[in-house]
Amino acid sequence: MEYDKTIDQKWQRYWQEHGTFTVDVKADAENKYYCLVMFPYPSSELHVGHARNYVIGDAVARYKKMQGFNVLSPMGWDAFGLPAENQAIKRKIHPKEWTVTNITRITAQLKSWGIGYDWSREVTTCMPDYYRWTQWLFLKLYDKGLAYKKEASVNWCPSCQTVLANEQVVSGECERCSTVVEQKKLKQWFFKITDYAEKLLDDLTLLNDWPQRVKTMQKNWIGKSQGVEIDFVIDGYNKKLKCFTTRVDTIFGATYLALSWDHSWVEELMDKAPNKKEITAFIEKIKNQPLSERLVDNFEKEGVFTHCYAVNPMNGTKIPIWLANYILAGYGTGAIMCVPAHDSRDYEFAKKYNLDIVEVIRKNEEPETGNNSNSVYEGTGTLINSKDYSGIDSQTAKERLAEYMESKGIGRRAVNYKLRDWLISRQRYWGAPIPMIYCERCGEVPVAYDDLPVYLPEDVEFVPTGQSPLTYVDDFLKVACPKCSQPAQRETDTMDTFVDSSWYYLRYISPKEETVPFVRADVNKWLPVDQYVGGVEHAILHLMYSRFINKFLRDQGLVSFSEPFKRLFTQGMIVKDGAKMSKSKGNVVAPDYILQKYGADTMRLYILFMGPPEKDAEWQDSGLQGCWRFLQRSLRLVDALLEHRGDADQEKQASLNQQEKSLLKKVHSTIKDISADLDGNFQFNTAISRIMELVNQAYKSLNDGYIRKDVLAQTVDVLFRLLAPFTPHLSEEVNSILGNSGTIFKRSWPQSDEKYLKEESVEIAILVNGKVKAKMVIDVSLSQEAVKTKALSVDKIQNIIRDSVPKKVIYIDKKIVNIVA
RNA sequence: GCCGGAGUGGUGGAAUUGGCAGACGCGCUGGACUCAAAAUCCAGUCUUCGCAAGAAGGUGAGGGUUCAAGUCCCUCCUCCGGCACCA
């Protein structure tokens with residue numbers, strides 16, 4: 001049998017016509033398996049790097065289907081977003097047109113690779129029937145006070161001409177275009193994800209089947225820290241400064257306070273400050289400093305003295321209050337107590353400005369060292385110079401001090417998070433309009449649910465001005481206030497596209513529903529997603545936003561599960577010439593020529609065989625060639641079977657020869673091992689190598705002598721069923737050639753038969769005085785004695801071992817020896 | 001700086017989690033077929049010594065535990081990823 005391109009098309013057509021991958025959510029809910037691949041942003045054509053994602057997802061889906069699950073594997077489009085708009089500006093094509101063209105092209109690609117989706121569930125986030133429900137979600141959040149507008153210092157990308165969420169700023173640069181991000185004070189919409197910080201953190205422990213790496217990243221991003229918020233009375237003011245610290249045990253070493261430039265009290269203190277000019281200049285300097293400058297390694301600490309003092313509540317000492325550039329504006333209270341002896345940053349600052357350094361913690365191992373205040377010790381230990389608390393260890397002191405402060409009302413236990421609220425406004429056109437209206441009389445008024453969707457107007461000038469292009473569309477902008485019917489204006493910003501993608505996995509269950517975003521009963525049956533597959537670049541962004549939205553919907557009683565994705569798999573990149581594939585580098589491997597020359601199955605097989613799927617892998621055309629060779633070899637086994645002469649019935653009378661036995665053993669051990677590879681962590685590479693071994697052995701057996709027809713038939717049949725998740729077209733073709741009707745995916749996954757796997761060897765442990773001294777495997781055929789007898793002499797054992805296992809393990813004490821089978 | 005992950009042939013990578021290191025693929029070498037090439041098939045391919053059977057060494061470096069270590073423990077080196085003034 002020869003491979004021929006028409007095989008691909010033949011079976012792709014078959015799957016489509018027979019609805020092989022179409023799911024009825026009501027009828028198929030029992031024994032369901034929801035396999036989801038992160039939906040793509042439809043920009044240009046897909047290359048083999050993208051293909052890896054879909055091929056992995058498809059292999060899982062097809063494997064599960066063969067195992068008898070009702071597999072839902074849907075596809076859709078994350079279709080709003082900046083690239084479409086940027087293309088529109090550059091080429092004068094409407095974003096919608098550009099997007100739809102790309103979707104058509106990519107759909108054809110996915111189909112040509114034989115990815116088995118239920119296309120009847122396709123969702124497209126830029127279509128009104130979808131974004132209507134994204135707006136609905138916004139209103140739901142608004143109703144609960146979780147969507148709010150506030151003025152804040154926000155990240156602004158001057159190139160994209162829009163604000164960005166914290167999560168979209170990477171090392172001070174725009175995640176998308178790598179432009180240095182600026183800080184601007186703007187009034188923007190936020191989602192209150194911080195309300196869910198604790199839940200998002202706690203429930204990470206439920207995600208046993210997520211990569212540890214992703215969970216750690218989320219944990220760090222949420223950044224919970226526990227400590228104490230201490231009130232410092234300001235000398236001469238009727239005012240307290242709240243400072244958060246995780247090291248309350250160092251309170252007696254606090255020798256100054258430091259405030260961030262935008263602390264609320266700064267304005268008041270300026271009235272009296274003798275060095276007002278100096279302070280103003282200092283604040284201006286920090287304010288205008290680009291974020292990127294702050295992120296360099298040795299960012300110079302600077303500050304200015306306010307000429308005010310605070311009182312340390314524990315010892316009454318007056319300590320100076322400074323403004324300092326290293327105090328983060330958005331974290332904690334924006335004011336901290338500084339302990340130079342035990343914090344390297346405070347130490348650096350104190351040295352520079354000649355502030356007191358008082359050691360209050362001593363490392364436990366070193367009892368007395370003469371030199372103090374010349375170095376920083378940031379660890380815990382025993383308190384010194386701390387009045388009544390001296391001699392106590394850090395941990396105990398933390399608790400006692402917190403208790404004391406709470407009882408005196410001068411401090412309280414507190415928790416802080418690094419996580420900030422999710423900024424969702426974007427000053428761009430190609431996104432879901434935020435469904436809000438501003439009325440001079442009534443203020444901020446949400447659009448009524450019944451008035452959704454707020455349609456995105458299509459006739460728009462795209463040129464970015466820093467204002468949303470919608471600002472200039474009168475038909476859109478001007479609207480009657482829903483409350484008082486007076487002229488009012490719509491919100492012109494659109495939503496971050498991560499809002500669209502934070503709930504799409506729910507819409508797949510009810511994609512055509514016109515009255516609700518999803519049917520609750522069906523969603524509760526089909527979710528959580530059993531297997532989610534995607535790139536690790538979404539470890540924080542998409543995956544945390546989705547978890548947040550899911551938890552919100554759960555709290556509203558709209559879904560019943562608290563985590564949307566039960567298992568997560570993050571695949572690595574495919575690189576070429578050591579670099580990520582990109583058009584600008586000119587190292588893109590386009591799938592088209594591969595399909596032409598080798599067909600879809602060869603490409604799929606190679607992508608899965610390249611290496612562990614979670615790791616990056618280097619594309620090698622020669623490796624692809626190897627997979628092609630392997631498939632050709634496999635197909636020649638089919639020929640060998642078809643040409644095989646010999647009467648199967650007659651053959652069955654005779655007993656199997658050694659080769660046939662060994663081949664059948666290989667067939668069944670392969671089934672067993674591959675199932676383990678796939679049930680575990682998707683070790684497609686080793687699964688495929690096992691199939692190659694099977695083919696090699698089958699060849700050897702054929703070359704060496706006669707193989708019974710039924711044995712060969714079983715080998716070939718199992719071989720192509722095992723290959724089916726990887727090479728579905730060829731497996732279908734072979735399946736039909738072997739006389740089976742219908743699709744191979746309605747047949748079951750092969751089961752290994754234990755009778756062929758019976759071990760001919762036995763593992764024994766050698767005990768000396770009851771202690772395991774050695775374990776080894778002995779070939780039973782060589783020494784039946786080993787199993788029959790419970791105890792053997794040392795000599796005998798050594799003989800058996802010499803005959804059957806390598807010398808290396810012959811270390812036995814000349815004592816009593818037992819054999820445990 | 002902190003937190004993760006990883007270091008195995010010429011190369012991508014295996015090793016039932018402590019049990020014959022290098023499976024499988026690529027590449028390379030030799031042979032068969034061919035006027036020749038491609039394709040295909042067969043054999044070989046960690047290093048050293050040996051015609052061979054075989055012997056010895058070998059998983060970033062050094063030490064340790066164990067009958068047995070790529071795998072576990074300690075010290076160090078290198079690379080990759082994430083976070084990065086989070087008080």
Side-chain angles (χ1 to χ4, degrees), chain A residues 170-172 211-225 227-228 243-248 250 254 257-258 260 294-301 324-339 342-346 348-349 378 416-420 536-537 539-540 572 605-606 609-612 614-630 632-633 636 669 672-673 676-677 680 683 685-696 699-700 703 763 766 768 771-777 805-813:
Chain A
V170 179
S171 305
Q212 191 54 46
R213 184 158 70 121
V214 173
K215 287 191 280 187
T216 307
M217 280 164 76
Q218 292 212 359
K219 188 182 166 204
N220 291 341
W221 190 262
I222 294 166
K224 179 180 181 175
S225 51
V228 176
C243 297
F244 175 76
T245 180
T246 56
R247 291 298 304 271
V248 68
T250 63
L257 294 193
S260 76
R294 307 201 54 176
L295 290 169
V296 296
D297 267 354
N298 294 323
F299 179 63
E300 171 101 30
K301 294 190 176 30
N325 65 351
Y326 71 99
I327 311 306
L328 294 175
Y331 182 76
T333 60
I336 63 163
M337 68 172 210
C338 301
V339 187
H342 303 291
D343 182 291
S344 57
R345 297 156 301 181
D346 298 345
E348 195 185 323
F349 192 84
E378 294 189 298
N416 258 301
Y417 300 94
K418 278 166 68 177
L419 185 69
R420 297 298 130 78
V536 75
E537 67 272 16
I540 296 173
L605 190 72
Y606 176 53
F609 181 61
M610 291 179 84
E614 70 278 6
K615 284 212 219 149
D616 290 355
E618 169 84 28
W619 181 272
Q620 301 276 348
D621 277 353
S622 54
L624 184 73
Q625 180 92 27
C627 287
W628 163 253
R629 270 202 287 265
F630 162 71
Q632 295 305 303
R633 263 163 79 78
R636 259 178 266 125
S669 68
K672 197 175 177 182
D673 293 343
D677 283 345
Q683 298 172 55
N685 55 330
T686 52
I688 292 165
S689 76
R690 290 182 211 283
I691 301 180
M692 288 170 169
E693 283 179 57
L694 174 60
V695 170
N696 289 344
Y699 257 83
K700 254 198 182 97
N703 288 341
E763 191 184 47
I766 294 167
V768 177
K771 199 184 157 201
V772 176
K773 272 299 183 190
K775 271 188 183 175
M776 59 198 66
V777 175
V805 292
K807 274 184 195 164
K808 272 193 178 173
V809 282
I810 311 179
Y811 295 103
I812 307 167
D813 286 9

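Lettering follows sequence order; numbering is per chain, from 1.
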For B/U34, is chi within 90° of 0 (syn) or not (anti)? anti
Measure across A/Trp221 and A/Lys418 and return the closest heavy-atom pair with its distance rounded to 0.1 Å. O-CB, 3.6 Å
Select one nucleotide: of B/A87, B/G13, B/A43, the one nearest the side-chain heavy atoms of A/Ile327. B/A87
Of the listed nucleotides (B/C24, B/U40, B/A87), which one gets closest to any side-chain atom of A/Arg629? B/U40
Round to the nearest Å and state the distance from A/Lys615 atom NZ to B/U11 atom P. 15 Å
Please tell me if A/Arg636 has a side-chain N or O lying less than 4.0 Å from either OP1 or OP2 of B/C41. yes
Just call it for A/Gly332: base, sugar-phosphate, or nothing, with non-hydrogen atoms closer than 4.0 Å on any strand. nothing
How is A/Asn703 classified with respect to the nucleic acid when contacts are heavy atoms under 4.0 Å: base, sugar-phosphate, or nothing? sugar-phosphate
For A/Glu378, all residues meeting salt bridge (charged side-chain N to carboxylate O under 4.0 Å, His left out), sequence neighbours excluded: none
With a 4.0 Å cutoff (strictly under), does any side-chain N or O of A/Tyr331 reach OP1 or OP2 of B/A87? yes
Looking just at side-chain N and O atoms, do A/Ser225 and A/Asn416 make a donor-acceptor pair shorter than 3.5 Å? no
Which whole-number value in Å describes the distance from A/Arg633 CZ to B/A39 C1'? 14 Å
For A/Gly223 and A/Arg213, find the nucleotide of RNA chain B closest to each by heavy atoms; which residue's nucleotide sits nearer the 5' end? A/Arg213
Of the candidate nucleotides B/C24, B/A87, B/A15, which contains the atom at the shortest distance from the side chain of A/Asn696? B/C24
Tell me the interatomic distance from A/Asp621, atom CG, to B/G12, atom P, rounded to whole angstroms. 17 Å
Can you tell me the distance, in whole Å, between the CH2 atom of A/Trp221 and the C1' atom of B/G4? 17 Å
Quick check for you: among B/A87, B/C42, B/C24, whose closest atom lies nearest to any side-chain atom of A/Thr245? B/A87
How far, in whole Å, is B/U71 from B/G62 if one measures between their P atoms? 13 Å
When the P atoms of B/C83 and B/G64 are compared, how many Å lie between them, rounded to an integer? 41 Å
Measuring only between side-chain heavy atoms, which start at C-beta, is A/Arg213 closer than 4.5 Å to A/Val536? yes
Nearest of B/A14, B/C24, B/A43 to any side-chain atom of A/Met692? B/C24
Given B/A87, B/G25, B/A14, which nucleotide is nearest the side-chain atoms of A/Ile336? B/A87
What is the separation between atom CD on A/Glu348 and atom C1' on B/A87, rounded to the nearest whole Å? 14 Å
A/Phe609 side chain, from C-beta outward: closest of B/C83, B/G12, B/A87: B/G12
Between B/C67 and B/G13, how far is it from one P atom to the other, in whole Å? 36 Å
Output the rounded distance in Å from OH (A/Tyr606) to P (B/G25). 14 Å
Counting only Watson-Crick and G-U wobble pairs with both atom distances below 3.5 Å, the stems of 3 or more consecutive pairs that include RNA chain B are B:1-7 with B:77-83, B:10-12 with B:24-26, B:27-32 with B:40-45, B:46-49 with B:54-57, B:60-64 with B:72-76
Nearest-Å distance once atom P is located in both B/A69 and B/G4: 28 Å
P spacing across the pair B/G63 / B/C42, given as an integer number of angstrom: 46 Å
Syn or anti: how is B/G9 classified when any glycosidic angle within 90° of 0 counts as syn? syn
Taking atom P in both B/G10 and B/G81, what distance in whole Å separates the two? 26 Å
Consider the side chain of A/Ser622, meaning its heavy atoms from C-beta on, and name the nucleotide among B/G13, B/C83, B/G27 that approaches it most closely. B/G27
Measuring only between side-chain heavy atoms, which start at C-beta, is A/Phe609 closer than 4.5 Å to A/Cys627? yes
Indicate whether OP1 or OP2 belonging to B/C24 is found under 4.0 Å from a side-chain N or O atom of A/Thr686. no
At 4.0 Å (heavy atoms only), tell me whether A/Asp346 reaches a base, stays on the sugar-phosphate, or touches nothing. nothing
Closest to side chain of A/Leu328, choosing from B/C24, B/G82, B/A87: B/A87
Closest-nucleotide 5' rank along RNA chain B - winner of A/Phe630 and A/Glu618: A/Glu618
Using atom CD of A/Gln625 as one end and atom P of B/A38 as the other, report the distance to the nearest whole Å. 13 Å
Say we look at B/A14 and B/G60: how far apart would their P atoms be, to the nearest angstrom? 15 Å
Touch class at under 4.0 angstrom, heavy-atom based, for A/Asn685 against every strand present: sugar-phosphate
Nearest listed nucleotide, side chain of A/Gln683, among B/A15, B/C24, B/C3: B/A15
Round to the nearest Å and state the distance from A/Leu694 atom CG to B/A23 atom P. 18 Å
Between B/A36 and B/G70, how far apart are the P atoms? Round to whole Å, please. 49 Å
A/Tyr326 six-ring centre to A/Lys301 NZ/CZ under 6.0 Å and within 45° of normal: yes
